[in-house]
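Just so you know, ligand 1 is whichever comes first in the structure, and atom 1 is the first atom listed for that ligand. Start at 1 with the first residue, then count along the sequence. Because the structure is predicted, anything quoted here is derived from the model rather than measured.
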Amino acid sequence: AATPGKVPKVVVVVCLLRGNKVLLGRRRSSLGDSMSLPGGHLEFGESFDECATREVKEETGLDIDKLQCLTVTNNLFLDKAKPYHYVVISIRAVLADHQQPQNIEPDFCDGCGWYEWNILPKPLFSPLEKAIQAGFNPFLF
Ligand code: 8DG
Ligand code: MG
Ligand code: MG
């Protein structure tokens, strides 16, 4: 049903892979801290790849390469106090060649780190947790 004044938003998130690990960072919200993929809102006129590259750079300082579109999910959390509806495009990428993984500055991204896919930290950001429970795995594309 149409809800006056509310529109879905488009978000691009990035599974930045290094070996068998993925980059996650800490998100702070009123509902508590959780770990999530870097990413953010698609800006007017951007391609998905441009958005992925820009958000990762803004949030971690890292440059990415070999971008590949994985999934599109419709993330609905309508029963929350602040209901949200995001169309989330997941992109897989690796570090650009010149990039030294150890160069991540903690200042860029609180709690940012590389995690093995089968030993992910908890709590995960709930939409990510949900996607993983539904079988999402960036290593299987
Ligand atoms: P801002 O400029 O709007 O402050 O931040 P942004 O970096 O552009 O946006 P964001 O808050 O990081 O991401 C926008 C929304 O995307 C977030 O509030 C919830 C939704 N989202 C998901 N899954 C994921 C995910 O795995 N990672 C991130 N970062 N956001 C996600 O539904
Ligand atoms: Mg963000
Ligand atoms: Mg943004």
Residues 119-131 vs side chain to side chain donor-acceptor pair (under 3.5 Å), sequence neighbours excluded, gives E129-Q133
- Can you check whether G39's main-chain N or O pairs, donor with acceptor, with E59's side chain at less than 3.5 Å? yes
Counting only N and O atoms by type, is there a donor-acceptor contact under 3.5 Å from the side chain of E50 to the main-chain atoms of S47?
-> yes
So, do C69 and I89 sit near enough that their side-chain heavy atoms are less than 4.5 Å apart?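 With C-beta onward as the side chain, the pair touches.
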**Study point:** Residues H85 and N75: side-chain donor-acceptor under 3.5 angstrom
**Key:**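 N75 and H85 do not have a side-chain donor-acceptor pair below 3.5 Å.
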Of all heavy-atom pairs linking C51 and G40, the shortest is SG-O, 3.9 Å
Note: V87 and N74 closest approach over all heavy atoms is CG2-OD1, 3.9 Å
Residue pairs passing the ring pair (Phe, Tyr, Trp, His ring centres under 6.0 Å) test with at least one member in residues 50-81, sequence neighbours excluded, are F77-Y84
Nearest to the Mg ion (ligand 2) - the N/O/S atom of E59, by atom name: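 Nearest N/O/S atom of E59: OE2.
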* **D33 with R27: basic N within carboxylate O range, under 4.0 Å** => no
Excluding water, the protein N, O or S atoms sitting under 2.8 Å from the Mg ion (ligand 3) are E55 OE2
* Asked: Is the distance between the Mg ion (ligand 2) and the nearest N/O/S atom of P38 smaller than 2.8 Å?
  -> no
Q. Can you pull the residues with any heavy atom under 4.0 Å from ligand 1?
A.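 Lining ligand 1 at under 4.0 Å, by heavy atoms, one finds V11, V13, R27, S36, L37, G39, G40, H41, E55, E59, N75, Y86, V88, F125, P127.
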